[in-house]
> 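Have a look at the structure that comes next, please.
For the numbers below, each heavy atom of this structure counts, side chains included, while hydrogens, waters and symmetry mates do not. Lettering follows sequence order; numbering is per chain, from 1.
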Number of protein chains: 2
Amino acid sequence: MATIKDISQMTGFSITTVSRALNGYSDVSESTRKLIKEAAESLSYSPNGLARGLVMKETKTLGLLVSGMTYKNIDNNFVFEVLCGINDSAANSAYDLILFSTNTAKQKMKTYTQLCRERKVDGVILQGVKTDDPYLQEVLDSDIPCVLIDVPIDSKYVGFVSTNHKQSAQTAVDHLIDLGHHNIAMVNGYPEAFVSKERYEGYAEAMRNAGISLRSEYVVNGNFTEEEAQQQATELLKAYPEITAIFCASDMMALGVMKAAGELGIAVPHQLSVVGFDDIPTATYFQPPLTTIRQNMYQLGHEAANLLMGMLKSEDSPKYKILENELVIRSSTAEPGR
Amino acid sequence: MATIKDISQMTGFSITTVSRALNGYSDVSESTRKLIKEAAESLSYSPNGLARGLVMKETKTLGLLVSGMTYKNIDNNFVFEVLCGINDSAANSAYDLILFSTNTAKQKMKTYTQLCRERKVDGVILQGVKTDDPYLQEVLDSDIPCVLIDVPIDSKYVGFVSTNHKQSAQTAVDHLIDLGHHNIAMVNGYPEAFVSKERYEGYAEAMRNAGISLRSEYVVNGNFTEEEAQQQATELLKAYPEITAIFCASDMMALGVMKAAGELGIAVPHQLSVVGFDDIPTATYFQPPLTTIRQNMYQLGHEAANLLMGMLKSEDSPKYKILENELVIRSSTAEPGR
DNA sequence: TTGTATGCGTTATCAT
DNA sequence: ATGATAACGCATACAA
């Protein structure tokens with residue numbers, strides 16, 4: 001609880017000199033600096049970040065607004081990987097992270113801007129915002145530097161990181177087409193997600209390029225959950241038994257699809273090929289091991305933090321970055337059988 | 001950027017009255033309160049948490065010192081589950097979380113106490129501290145309220161949450177003994193972890209109770225990693241082919257052990273039974289699905305945060321809690337075969 | 001019911 | 001090279 005005032009009294013120097021000495025200013029003699037540093041040490045002094053932040057208008061904190069850090073998302077380390085990336089990046093600089101622990105009830109009380117301004121964060125990283133989220137508009141209107149994850153919007157104070165979702169989806173579906181599939185369905189997430197739109201675009205593009213006409217009945221939404229995907233896939237496969245392949249917008253949904261197939265007595269991959277998206281660690285262990293699109297979420301988080309810290313340093317720092325995904329072929333896809 | 005001063009000028013009331021009105025004090029007339037609130041609204045005022053914290057000596061932030069939020073731990077959502085639990089708990093109260101992003105290099109620069117005092121956190125949750133960690137002593141010496149995860153120490157300002165590691169380990173080994181195993185080895189984590197000691201105790205206790213003499217050669221350390229466990233298990237199984245069961249202190253190490261067995265041509269579970277610890281989501285998908293001890297890490301985090309917030313509220317709030325684990329029997333254990 | 005004055009711990013401006 | 005003083009935005013003891 002010692003302050004620079006205490007050091008000042010102990011050493012006889014003014015608080016100004018103490019402050020300057022401790023902050024490495026050059027206009028203080030080495031002898032007094034030594035004295036002051038020793039006093040600080042003996043009083044086990046720590047600077048008060050609040051007071052410093054109050055006057056400096058900079059807190060060296062990055063805000064994190066992360067959806068999905070809750071019980072039901074526990075199996076999805078997607079969010080965790082992003083977090084690790086951000087954390088590692090912040091650890092290499094002087095920033096700490098503040099996690100806005102907000103639930104839907106609290107979200108109604110405090111807006112995005114309020115949250116950030118109260119905590120006086122230097123910048124924010126947003127993960128999991130939907131396109132119709134009211135927060136999104138606030139972000140754009142606000143003057144708080146911000147990086148969005150998987151929402152491609154940039155403006156003066158806003159940047160983003162994402163992956164090439166469309167191209168990746170296209171690659172995934174091309175893989176199915178190359179194997180000889182024609183009746184390819186898609187289990188998407190939900191319409192309010194940018195990534196869902198992009199991935200659908202990729203699916204559609206691949207089909208068009210192959211001269212296969214799109215059938216809207218073949219495309220359903222699984223809300224990114226295993227359960228809904230399983231249910232949707234069950235109905236899909238019952239209604240359209242001609243389907244021989246399903247492209248899913250997440251690995252967990254792919255798991256749901258495989259379970260649906262299993263219950264209907266449809267063998268994967270021999271009667272039905274399944275492709276996922278994400279490449280979660282568990283995907284390797286699925287039965288059969290899942291063919292999927294690998295996203296490097298760690299790197300996504302890492303780049304997000306770097307981008308943001310860059311924006312804080314200089315006006316004309318790059319504001320967005322798009323990473324490349326990669327198709328990982330395992331055993332859930334094969335030539336269409338009979 | 002509006003302050004109460006701005007509101008004061010706009011409405012003509014003093015900043016005192018503005019402050020009191022906004023903070024819901026009763027000694028301000030409803031009419032002026034209304035005026036002031038409207039002014040605040042129109043100026044889109046947000047209180048400055050730094051200034052408030054400076055004078056109130058309370059920041060409504062909980063510090064999180066978490067080891068393992070880094071690239072190599074990405075597959076281990078153990079940490080993430082704890083985090084989710086803490087987050088959910090904090091979300092239901094007025095606290096936000098601050099993640100101390102510290103790497104080993106930075107850790108040498110700033111001590112635990114410095115970190116906390118600079119940020120002026122009201123309390124701290126520590127995860128992943130080893131028994132020989134210098135941080136630990138600091139925690140005990142400091143007067144910052146703190147909850148340790150899986151380190152059973154409590155004092156005036158320190159509490160902890162943990163699970164019944166010893167009993168759980170004993171249950172796991174009992175299960176093996178009940179199946180008819182005698183030559184049971186253990187792949188532990190590392191000696192500096194409390195949980196390792198506890199789990200070893202449980203192993204030893206079970207063996208003693210069954211009248212099986214302990215052989216120190218049967219106990220090795222896998223450092224909680226898949227790779228080291230695999231390597232250690234390989235040597236173990238080569239040197240002592242009479243071993244028919246291995247109890248592992250984590251699921252990832254159990255995976256390493258199963259891989260070792262696989263490479264040596266030893267069938268699990270028919271020639272070797274394997275038990276893990278944690279019940280990570282992937283454990284269900286291992287081949288064979290892993291028998292293990294389920295730990296509810298989410299609840300652990302939840303309780304940790306609740307405990308800490310309780311300690312902040314009153315002196316004589318309970319300071320520790322021990323949760324129960326549960327044996328989950330899957331297919332990696334069986335009667336010893338030949 | 002409202003206002004005045006003070007302090008929280010720090011940095012910054014301007015003297016000396 | 002060092003010091004006095006004013007800010008930063010807020011809460012609170014005390015007055016009125």
> Send over the distance from A/Leu35 CG to D/dA1 P, rounded to a whole Å.
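Taking atom P of D/dA1 as the reference, CG of A/Leu35 is at 16 Å.
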
> May I ask you to say whether A/Glu38 pairs ionically with A/Lys34, meaning some side-chain N is under 4.0 Å from a carboxylate O?
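Yes, charged N to carboxylate O under 4.0 Å.
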
> Let me test you: for the helix from C/dT1-D/dA16 to C/dT16-D/dA1, what is the angle between the axes at its two ends (five pairs each), rounded to 10 degrees?
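The end-segment axes of the helix from C/dT1-D/dA16 to C/dT16-D/dA1 are tilted 40° relative to each other.
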
> Using a 4.0 Å heavy-atom cut-off across all strands, classify A/Thr3 as base, sugar-phosphate, or nothing.
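Here A/Thr3 touches the backbone only, sparing every base.
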
> Which heavy atom of B/Asn23 sits nearest a heavy atom of B/Arg52, and at what distance?
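Answer, listing the atom of B/Asn23 first, then B/Arg52: OD1-NH2, 3.4 Å.
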
> Which nucleotide in the list D/dC14, C/dA5, C/dT11 gets nearest to the side chain of B/Arg20?
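In terms of side-chain proximity for B/Arg20, the closest of D/dC14, C/dA5, C/dT11 is D/dC14.
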
> Just the rounded figure in Å: distance from P of D/dC10 to CG of A/Leu50.
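The answer, rounded to whole Å, is 14 Å.
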
> Counting heavy atoms from C-beta on, name the nucleotide in C/dT13, C/dT10, D/dT12 closest to the side chain of A/Arg52.
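Minimum distance to the A/Arg52 side chain belongs to C/dT10.
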
> Specify the closest pair of heavy atoms between A/Arg119 and B/Thr59, including all atoms of both residues, with the distance to one decimal.
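Smallest interatomic distance, heavy atoms only, reads NH1-O, 3.0 Å.
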
> At under 4.0 Å between heavy atoms, what does B/Asn48 touch on the DNA or RNA strands: base, sugar-phosphate, or nothing?
sugar-phosphate

> Give the rounded distance in Å between these two atoms: CG of B/Leu54 and P of D/dA7.
17 Å

> Closest to the B/Asp27 side chain: D/dA11, C/dT4, C/dT2?
C/dT2

> Looking at C/dT10, C/dT1, D/dT12, which one has an atom nearest to any side-chain atom of B/Ser19?
D/dT12

> What is the distance, rounded to the nearest whole Å, between atom CD of B/Gln9 and atom P of D/dG9?
12 Å

> Starting at CE of A/Met56 and ending at C1' of D/dA6, how long is that distance when rounded to a whole Å?
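For the pair A/Met56 CE and D/dA6 C1', the rounded distance is 17 Å.
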
> For B/Gly12, answer base if it contacts any base atom (sugar-phosphate contacts may also be present), sugar-phosphate if it contacts only those atoms, and nothing otherwise; contact means non-hydrogen atoms under 4.0 Å.
sugar-phosphate

> Within the 4.0 Å heavy-atom criterion, would you say B/Ser29 contacts the bases, only the backbone, or no part of the nucleic acid?
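Result for B/Ser29 = sugar-phosphate.
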
> For a quick test of reading the model, state the closest non-hydrogen atom pair linking B/Lys37 to B/Leu22 and the distance between them.
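Heavy atoms of B/Lys37 and B/Leu22 come nearest at CG-CD1, 4.3 Å.
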
> Test side chain to side chain contact (heavy atoms under 4.5 Å, CB included) on B/Tyr45 and B/Asp6 and set out the steps.
CA-CA 9 Å; B/Tyr45 166 79; B/Asp6 297 324; over 6 Å; no

> Side-chain N or O of A/Thr17 versus OP1/OP2 of D/dA1: is the shortest distance under 4.0 Å?
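Result: no.
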
> Spell out yes or no: do the side chain of A/Thr16 and the base of C/dA12 have one donor N/O and one acceptor N/O closer than 3.5 Å?
yes

> With heavy atoms under 4.0 Å as the rule, sort A/Val28 into base, sugar-phosphate or nothing.
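Sugar-phosphate, no base atom in range.
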
> If you only use heavy atoms from C-beta on, which nucleotide in C/dA12, C/dT2, D/dG9 is closest to the side chain of B/Val55?
D/dG9

> So which atom in A/Met309 and which in A/Ser93 form the shortest heavy-atom distance, rounded to 0.1 Å?
SD-OG, 3.0 Å

> Grab the CZ-C1' distance between B/Arg117 and C/dC8 for me, whole Å please.
17 Å

> Taking 4.0 Å as the cut-off, does a side-chain nitrogen or oxygen of B/Tyr25 come that near to OP1 or OP2 on C/dT2?
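False: B/Tyr25 side-chain N/O out of range (4.0 Å or more) of C/dT2 OP1/OP2.
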
> Write down the distance between CG (B/Leu22) and C1' (C/dT2), rounded to a whole number of angstrom.
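Nearest whole value for this atom pair: 15 Å.
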
> Classify the ring geometry between B/Tyr320 and B/Phe160 as parallel (under 30°), tilted (30 to 60°) or perpendicular (over 60°).
parallel

> Can you tell me if NZ on A/Lys321 sees more than 12 non-hydrogen neighbours from other groups inside 6.0 Å?
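No.
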
> Among D/dC8, D/dA13, D/dA11, which is the nearest nucleotide to the side chain of A/Lys57?
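Nearest to the side-chain atoms of A/Lys57, counting from C-beta on, is D/dC8.
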
> Go through C/dG3, D/dA4, C/dA12 for me and flag the one nearest to the A/Ser14 side chain.
D/dA4

> Identify, between B/Ala51 and B/Phe13, the residue whose nearest nucleotide on DNA chain C lies closer to the 5' end.
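This one resolves to B/Phe13.
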
> Classify the side-chain pair A/Ser317/A/Ser314 by whether it contains a donor and acceptor separated by less than 3.5 Å.
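There is no such pair (donor and acceptor under 3.5 Å, judged by atom type) between the side chains of A/Ser317 and A/Ser314.
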
> Roughly how many Å is it from CD1 in B/Ile4 to P in C/dC8, rounded to a whole number?
18 Å

